[in-house]
Amino acid sequence: MALRKLSGDSNCKVGTCPTLWGTEDETAFLVQGYVVTDPEQLAQIGLPEGETVVRVPVNILEDYFRARRN
């Protein structure tokens, strides 16, 4: 299934910055971000096995939602 880039830092080099992607069928988002390793934060979330959490700066999502309103 093809992905399309929805939002990300335009100053990012070689695709290493947090980015929001959408699936071709528009049923899901994929988020590229920084892996959260803080045990206290992870304990508050209570993740099931096999899942992880990534941190995405607010401006990445703001850019996406701002563009959707226009």
Side-chain angles (χ1 to χ4, degrees):
M1 175 180 296
L3 298 176
R4 62 189 173 102
K5 184 176 180 178
L6 302 174
S7 185
D9 185 346
S10 59
N11 295 320
C12 184
K13 305 296 184 228
V14 299
T16 58
C17 300
T19 305
L20 180 64
W21 301 86
T23 58
E24 185 176 38
D25 62 3
E26 299 183 350
T27 61
F29 294 106
L30 283 76
V31 179
Q32 173 186 348
Y34 305 107
V35 175
V36 175
T37 58
D38 183 305
E40 189 174 316
Q41 290 179 343
L42 293 171
Q44 292 177 51
I45 296 170
L47 292 176
E49 188 174 330
E51 290 188 9
T52 191
V53 174
V54 296
R55 181 180 320 279
V56 178
V58 171
N59 67 308
I60 299 299
L61 297 175
E62 283 178 337
D63 291 347
Y64 170 72
F65 288 112
R66 187 177 305 112
R68 296 276 296 180
R69 282 183 275 212
N70 296 332

A.B. asks: With sequence neighbours left out, what residues match F29 under ring pair (Phe, Tyr, Trp, His ring centres under 6.0 Å)?
C.D. replies: Y64
A.B. asks: Is there a side-chain contact between V56 and L20 in this structure, where contact means two heavy atoms from C-beta onward sitting under 4.5 Å apart?
C.D. replies: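 Of all side-chain heavy-atom pairs linking L20 with V56, none is under 4.5 Å.
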A.B. asks: Could you work out, with side-chain hydrogen bond (donor to acceptor under 3.5 Å, both in side chains) as the rule, every residue matching T27, not counting sequence neighbours?
C.D. replies: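 In terms of side-chain hydrogen bond (donor to acceptor under 3.5 Å, both in side chains), with neighbours along the sequence ignored, T27 is linked to D25.
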A.B. asks: Among pairs that include at least one residue of residues 40-54, which meet salt bridge (charged side-chain N to carboxylate O under 4.0 Å, His left out), considering only residues two or more places apart or in two chains?
C.D. replies: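 Residue pairs with at least one partner in residues 40-54: there are none.
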A.B. asks: Can you sort out the partners of V53 under side chain to side chain contact (heavy atoms under 4.5 Å, CB included), two or more places apart, ordered by chain and number?
C.D. replies: V36, L42, I45, L47
A.B. asks: Hey, could you give me each pair passing ring-ring contact (aromatic ring centres under 6.0 Å, His included) that has a residue in residues 32-63? Not counting sequence neighbours.
C.D. replies: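 Residue pairs with at least one partner in residues 32-63: there are none.
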A.B. asks: Sequence neighbours excluded, which residues qualify as side-chain hydrogen bond (donor to acceptor under 3.5 Å, both in side chains) partners of Q41?
C.D. replies: R55
A.B. asks: With sequence neighbours excluded, tell me which residues meet salt bridge (charged side-chain N to carboxylate O under 4.0 Å, His left out) with R66.
C.D. replies: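 Per chain and number, R66 pairs via salt bridge (charged side-chain N to carboxylate O under 4.0 Å, His left out) with D63.
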A.B. asks: Which residues satisfy the side chain to side chain contact (heavy atoms under 4.5 Å, CB included) test with E24, sequence neighbours excluded?
C.D. replies: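 Per chain and number, E24 pairs via side chain to side chain contact (heavy atoms under 4.5 Å, CB included) with M1, A2.
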A.B. asks: Which hydrophobic side chains are connected to W21, either touching it within the sub-4.5 Å cutoff or through other members that do?
C.D. replies: L3, L30
A.B. asks: List for me each residue that meets salt bridge (charged side-chain N to carboxylate O under 4.0 Å, His left out) alongside R69, sequence neighbours excluded, and say none if there are none.
C.D. replies: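 Here no residue qualifies.
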